[in-house]
Protein chains: 2
Amino acid sequence: MQKVPTVYDVAELAGVSIATVSRVLRKPHEVADATRDRVNAAVLDLGYVPSGSARSLAARRAGAIGLCLPDFDGIDDDPALAPVTFSDGQVPTVLDFPEDVELGDNLYISEVMLGTEIEAWQHGLAVTIAVARGSRGTDIFDNLAGRVDGIVTLARTIPDQQLAHIARRVPVVVLAGPRAGDEYDHITTDNREGMRVMTSHVVEAHGVTDLAFVGGPADSPDDDARFRGFCEALRTAGLPVPSAPVARGDYTRVQGRSIGRRLVADGGVPRALVCSNDQTALGVLDVLTGAGIRVPQDVIVTGFDGIDASEMSRPRLTTVYQPMRDLGRAAVDTLLHRLRDTQLPPQTRSLPVRVLLRDSCGCLPAQAA
Amino acid sequence: MQKVPTVYDVAELAGVSIATVSRVLRKPHEVADATRDRVNAAVLDLGYVPSGSARSLAARRAGAIGLCLPDFDGIDDDPALAPVTFSDGQVPTVLDFPEDVELGDNLYISEVMLGTEIEAWQHGLAVTIAVARGSRGTDIFDNLAGRVDGIVTLARTIPDQQLAHIARRVPVVVLAGPRAGDEYDHITTDNREGMRVMTSHVVEAHGVTDLAFVGGPADSPDDDARFRGFCEALRTAGLPVPSAPVARGDYTRVQGRSIGRRLVADGGVPRALVCSNDQTALGVLDVLTGAGIRVPQDVIVTGFDGIDASEMSRPRLTTVYQPMRDLGRAAVDTLLHRLRDTQLPPQTRSLPVRVLLRDSCGCLPAQAA
DNA sequence: TTGTATGCGTTATCAG
DNA sequence: CTGATAACGCATACAA
């Protein structure tokens with residue numbers, strides 16, 4: 001690492017020009033065998049690794065795509081984030097009581113991330129991540145936009161104005177957002193229809209007439225669509241349609257628990273609780289079973305997303321599965337299309353969901369493993 | 001996106017030189033207010049976003065760090081990875097039986113990733129990810145090394161030889177690996193001591209004399225250290241010390257289940273099963289409770305890692321918690337130190353673990369929520 | 001405070 | 001098949 005070698009060093013050692021070195025690396029077949037071997041030997045000998053910046057600059061493409069995510073870890077702007085503590089060799093033993101700690105609230109995002117990475121990998125692209133935390137968001141996204149060929153962003157992660165600015169440089173694909181008359185490509189899932197079918201199932205298959213919707217953030221378009229699906233099912237069934245969710249959380253399990261506690265305390269737990277996402281449903285489930293209320297016998301609980309945790313709960317959660325991983329993959333795929341043809345009109349592509357009937361609605365007998 | 005504007009365009013529009021534009025962006029205070037305003041206006045007007053490649057090249061630093069991860073999603077080299085399917089508007093409803101699907105096997109890695117991102121974010125650095133899948137691994141890491149200022153890699157992700165090559169260009173920090181006489185910086189956790197204390201607890205607090213170790217991959221240094229800790233505890237207690245784990249999995253829950261089934265079938269389930277990681281323990285737990293074997297009354301089960309899922313199981317899993325997020329953070333921190341002082345001797349920094357006593361060893365009464 | 005000129009390490013175009 | 005050489009877009013030392 002003393003003096004990082006460049007093409008010039010390799011060229012000199014191999015006794016060729018830098019053009020040839022470049023060729024050996026990019027288009028080996030255009031170079032004579034003997035020459036190629038000499039160059040490769042020099043590369044190994046010197047420990048040469050091409051500069052990505054120089055290459056991107058010259059080739060006019062970064063070979064990477066950017067992924068913008070909201071602050072999903074609760075770090076936010078905390079300037080006093082404690083420094084890492086190193087070991088002193090001691091191993092304390094502590095009684096660990098159940099607590100309301102954040103649990104797996106980033107499962108959804110992890111999957112999206114993974115899908116993005118997989119598809120990018122398939123096309124030989126790197127993925128660079130930027131998370132919107134606190135105030136530093138502004139420059140971090142500009143910075144990202146400058147170093148990638150395209151950007152995938154979760155809806156509402158980047159302020160509209162800034163997104164517009166960025167989009168003038170690189171194509172942008174928005175995930176899970178509503179089409180708001182913008183010019184970006186969008187990837188969505190069948191939120192409304194999924195929730196409609198889920199709700200209808202509870203009404204028709206289980207004969208429930210008393211059900212409530214536990215919502216997410218009021219400004220979430222996903223939540224809105226799901227609530228509308230819920231209402232539509234009730235309307236079709238001739239049941240009274242609420243004007244708003246019975247409660248609203250923030251999509252976390254912890255909030256789901258608060259809501260559950262409040263409902264139990266109020267004594268107003270309906271026959272079925274249709275939740276806007278899995279984490280909320282799991283939080284509600286935690287409280288209900290803890291309070292001795294049987295699910296699904298006394299109360300039916302359903303979720304939305306199909307995260308791993310919904311499969312691991314007892315009872316297992318009936319939910320609407322959406323292909324989170326495919327969300328990321330589809331985004332990259334769309335990005336590549338656009339990169340290829342800039343003139344395409346803005347697209348919206350939708351991914352399918354499916355209702356997964358499990359224990360928490362009473363379709364399957366609760367079982368252990 | 002037609003013609004991406006450059007410093008030259010901004011300079012022209014603002015009636016200044018490119019040097020001034022650059023200054024406005026990098027050192028705003030060195031520029032007169034009026035000038036600065038004009039430039040900023042031009043930037044906004046043109047939708048200018050600086051080129052990351054050009055900047056990195058000129059500044060001789062990438063402003064990003066690379067994170068190398070093993071193939072943790074089972075995608076591997078599958079060339080026929082099915083393309084994403086888009087929605088046809090239908091929402092199928094299916095009975096979803098419990099299956100042996102992969103469940104949350106990337107929890108550990110997700111946390112490491114998150115920690116890395118957080119610390120990088122704090123220092124204004126981007127994080128670029130590369131996953132070692134199948135054969136494409138080779139070029140992907142070289143590619144990464146060329147575009148970052150330093151690399152964080154999980155042990156055994158990159159072949160030794162290639163890692164050596166890469167390390168000649170950028171500093172490398174290895175996570176969770178053993179120090180193998182290499183010149184890299186390392187971050188580890190107290191695997192051995194953690195497992196020793198855990199095992200001693202089972203022996204001493206619960207009076208167990210009949211315990212077995214369920215291991216992970218035979219070539220995992222972490223697993224090896226944990227097994228040694230296990231043995232040491234037995235030796236100290238004057239109990240017979242096994243020469244090898246009673247079974248070996250691959251750290252996944254699915255494998256944990258297979259092992260559990262085999263143990264149950266053989267009728268040889270000991271009083272306590274000390275597992276090398278949480279996923280394995282959870283898989284074992286799935287099978288035991290499914291088979292009507294009571295945990296912890298009949299059999300004690302313990303894990304290692306402290307992933308979220310260990311908190312959500314019933315009974316909740318007694319385990320050795322290691323600060324996965326801090327692993328990532330410490331790695332970045334170490335990288336920055338090295339970047340600052342290239343001459344530092346290779347360091348190994350260790351992170352503390354702690355034994356978390358929960359339901360599966362019988363320390364806490366099993367409870368619902 | 002601002003401008004000029006040079007270099008950063010590649011790729012790509014054109015000759016040879 | 002190989003070699004000059006001109007971009008690529010920005011940062012920065014040095015002048016003015």
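As the structure is a computational prediction, the values presented were derived from the model and not from experiment. So you know, we letter chains A, B, ... as the sequences are listed, proteins then strands, and number each from 1.
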A.B. asks: Base, sugar-phosphate, or nothing: which does B:V21 touch, judged by heavy atoms less than 4.0 Å apart?
C.D. replies: nothing

A.B. asks: Considering residues at least two apart in sequence or located in another chain, which fulfil the side chain to side chain donor-acceptor pair (under 3.5 Å) criterion with A:S350?
C.D. replies: A:D190

A.B. asks: Just how far, in rounded Å, is P of C:dC8 from CG of A:D9?
C.D. replies: 11 Å

A.B. asks: By a strict heavy-atom criterion of less than 4.0 Å, which residues belonging to residues 56-63 of chain A are in contact with DNA chain D?
C.D. replies: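 DNA chain D contact set from residues 56-63 of chain A: A:L57, A:A58, A:R60.
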
A.B. asks: Heavy atoms, side chains only, cut-off 4.5 Å: are B:L327 and B:Y108 in contact?
C.D. replies: yes

A.B. asks: Return the 5'-most residue of the pair A:E30, B:T20 with respect to DNA chain D, ranking by each residue's nearest nucleotide.
C.D. replies: A:E30

A.B. asks: How many angstroms lie between CG in B:D326 and OG1 in B:T189, if you round to the nearest 0.5 Å?
C.D. replies: 11.0 Å

A.B. asks: Which parts of residues 33-43 of chain B get close to DNA chain D, meaning a heavy atom less than 4.0 angstrom away?
C.D. replies: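 Within this stretch, nothing sits under 4.0 Å of the strand.
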
A.B. asks: Can a side chain N or O of A:Y8 be found less than 4.0 Å away from OP1 or OP2 on C:dG7?
C.D. replies: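 For C:dG7, neither OP1 nor OP2 has a side-chain N or O of A:Y8 closer than 4.0 Å.
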
A.B. asks: CD1/A:I129 to CG/B:L67 distance, rounded to the nearest 0.5 angstrom?
C.D. replies: 8.5 Å

A.B. asks: Only counting residues at least two apart or in another chain, list the ones meeting side-chain contact (heavy atoms from CB on, under 4.5 Å) with B:S22.
C.D. replies: B:R26

A.B. asks: So if I take the C1' atoms of five pairs at each end of the helix from C:dT1-D:dA16 to C:dG16-D:dC1 and get each local axis, what angle do the two axes make, rounded to 10 degrees?
C.D. replies: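 Computed from the C1' atoms at both ends, the axes differ by 30°.
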
A.B. asks: Round to the nearest Å and state the distance from A:I18 atom CD1 to C:dG7 atom C1'.
C.D. replies: 14 Å

A.B. asks: Classify the nucleic acid contact of A:V31 as base, sugar-phosphate or nothing, counting any heavy atom under 4.0 Å across all strands shown.
C.D. replies: sugar-phosphate

A.B. asks: With a 4.0 Å cutoff (strictly under), does any side-chain N or O of B:S17 reach OP1 or OP2 of C:dT2?
C.D. replies: no

A.B. asks: Apply side chain to side chain donor-acceptor pair (under 3.5 Å) to A:N143 and list each qualifying residue two or more places apart in sequence or on a separate chain.
C.D. replies: A:R147

A.B. asks: Please list, in 5' to 3' order, the outermost nucleotides of DNA chain D lying under 4.0 Å from any heavy atom of chain A.
C.D. replies: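 On DNA chain D, the outermost contacted nucleotides are D:dC1 to D:dG9.
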
A.B. asks: Any donor and acceptor pair, going by atom type alone, linking the side chain of A:D185 with main-chain N or O of A:V173 inside 3.5 Å?
C.D. replies: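 Not a single qualifying donor-acceptor pair exists.
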
A.B. asks: If you look at every strand shown and take non-hydrogen atoms under 4.0 Å, does B:L25 touch a base, only sugar-phosphate, or nothing?
C.D. replies: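 The answer is nothing, as B:L25 stays clear of every strand by at least 4.0 Å.
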
A.B. asks: State which residues pass side chain to side chain donor-acceptor pair (under 3.5 Å) with B:T85; sequence neighbours excluded, sorted by chain then number.
C.D. replies: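 By the side chain to side chain donor-acceptor pair (under 3.5 Å) rule, B:T85 matches no residue at all.
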
A.B. asks: Is a side-chain N or O of B:R168 found less than 3.5 angstrom from the main chain of A:L46, in a donor-acceptor match?
C.D. replies: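 Yes.
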
A.B. asks: With sequence neighbours left out, what residues match A:A54 under side-chain contact (heavy atoms from CB on, under 4.5 Å)?
C.D. replies: A:S51, B:L57

A.B. asks: Rounded to whole Å, please give me the gap between CG in B:N143 and P in C:dT11.
C.D. replies: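 The answer, rounded to whole Å, is 11 Å.
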
A.B. asks: Using the salt bridge (Lys or Arg N to Asp or Glu O under 4.0 Å) rule, collect all pairs that involve residues 28-43 of chain A, keeping only residues at least two apart or in two chains.
C.D. replies: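 The answer is A:D33-A:R36.
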
A.B. asks: Pair B:R169, B:D142 - check side chain to side chain contact (heavy atoms under 4.5 Å, CB included), show working.
C.D. replies: CA-CA 10 Å; B:R169 178 175 231 276; B:D142 270 34; over 6 Å; no

A.B. asks: Please name all residues satisfying side-chain contact (heavy atoms from CB on, under 4.5 Å) with B:F86, sequence neighbours left out, ordered by chain then number.
C.D. replies: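 For B:F86 the side-chain contact (heavy atoms from CB on, under 4.5 Å) partners, ignoring immediate neighbours, are A:A330, A:R349, A:L351, B:V84.
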
A.B. asks: List the atom pairs, donor and acceptor, that lie under 3.5 Å between side-chain atoms in residues 10-21 of chain B and the rest of the protein, sequence neighbours left out.
C.D. replies:
from, atom 1, to, atom 2, distance (Å)
B:S17, OG, B:A19, N, 3.4
B:S17, OG, B:T20, N, 3.4
B:S17, OG, B:T20, OG1, 3.4

A.B. asks: Of the options C:dG3, C:dT2, C:dT10, whose atoms approach the side-chain atoms of B:A32 most closely?
C.D. replies: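 Minimum distance to the B:A32 side chain belongs to C:dT2.
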
